[in-house]
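Here's the structure we're looking at; comments come further down.
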Amino acid sequence: FSMVGGVGEVVAVGETEVAMVLEMKQYVEKYKGVTYKAFDAIEMKTQVVAGTNYFVKVKTSAADTEGCLLLKLFRPLPHTGLPLELAGVQ
C-alpha cells in the first residue's frame, strides 16, 4: 500500500506515459536549448496529489552526447480541463 501524497515505486513506462513524454519533448528541447535525436522514457514513479505528478527518467542523445533527464510532468484532475504540464527538468 502507498501513503496518500507519497511517491510510488519505480515502474515500467506504459504507452500512455510514452505519449505524454513525447508530447513534452518540444518544451524540454526549448528549455534545454538542445534538439534530441533520442528521447526515450525508461522508468517512472507517480505521486497522486490534486492530479498526478509523473517523475519520468528519459534516456536522451543529441549530437555527440548521451545522457538522462528526469522530467516532472503534472496531469491535473480530468474535471479541470487543464492540459498536461512540464513542471520540471533535471
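Reckoned from all heavy atoms, side chains included, excluding hydrogens, waters and symmetry mates.
Remark: Leu86 CG to Tyr54 OH distance equals 14.5 Å, nearest 0.5 Å. We find the OH-CG distance between Tyr27 and Leu73 to be 12.0 Å, quoted to the nearest 0.5 Å. Remark: Lys72 NZ to Glu85 CD distance equals 9.5 Å, nearest 0.5 Å.
Note on residues 6-31: pairs passing salt bridge (charged side-chain N to carboxylate O under 4.0 Å, His left out), not counting sequence neighbours, are Lys25-Glu29. For residues 33-60, no pair satisfies salt bridge (charged side-chain N to carboxylate O under 4.0 Å, His left out), with sequence neighbours left out.
With sequence neighbours excluded, the residues forming a ring pair (Phe, Tyr, Trp, His ring centres under 6.0 Å) with Tyr36 are Phe39, listed by chain and number.
If you chain together hydrophobic residues whose side chains sit under 4.5 Å apart, Val58 and Met24 fall into the same group. Linking ILVMFWY residues whenever their side-chain heavy atoms come closer than 4.5 Å, directly or via other members, leaves Val7 and Val13 in distinct clusters. Residues Leu82 and Met20 do not share a hydrophobic cluster, defined by chaining ILVMFWY side chains whose heavy atoms lie under 4.5 Å apart.
Side-chain atoms of Thr60 come within 3.5 Å of backbone N or O of Gly67 as a donor-acceptor pair.
Heavy-atom minimum distance, Val56 versus Ala41: CG1-CB, 3.7 Å. In plain terms, the two heavy atoms of Ser61 and Glu66 that are nearest each other are CB-CG, 3.8 Å. The shortest heavy-atom contact between Pro76 and Pro83 is CD-O, 3.4 Å. A pairwise comparison of heavy atoms in Val34 and Ala62 identifies CG1-CB, 3.4 Å as the closest pair.
Inter-residue side-chain proximity for Met44 and Val10 is flagged as unmet; no heavy-atom pair is nearer than 4.5 Å. Between Phe74 and Val49 the shortest side-chain heavy-atom distance falls below 4.5 Å. Side-chain contact between Leu71 and Val28: present, with at least one pair of heavy atoms (C-beta onward) separated by less than 4.5 Å.
Each of Leu84, Asn53, Thr16, Thr46 was evaluated against Arg75; a single residue qualifies, Leu84, per the side chain to side chain contact (heavy atoms under 4.5 Å, CB included) test.
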>> As a quick check of understanding, evaluate side-chain contact (heavy atoms from CB on, under 4.5 Å) for Val89 and Lys32, giving each step before the final call.
In response: CA-CA 9 Å; Val89 179; Lys32 298 292 278 182; 4.0 Å; yes

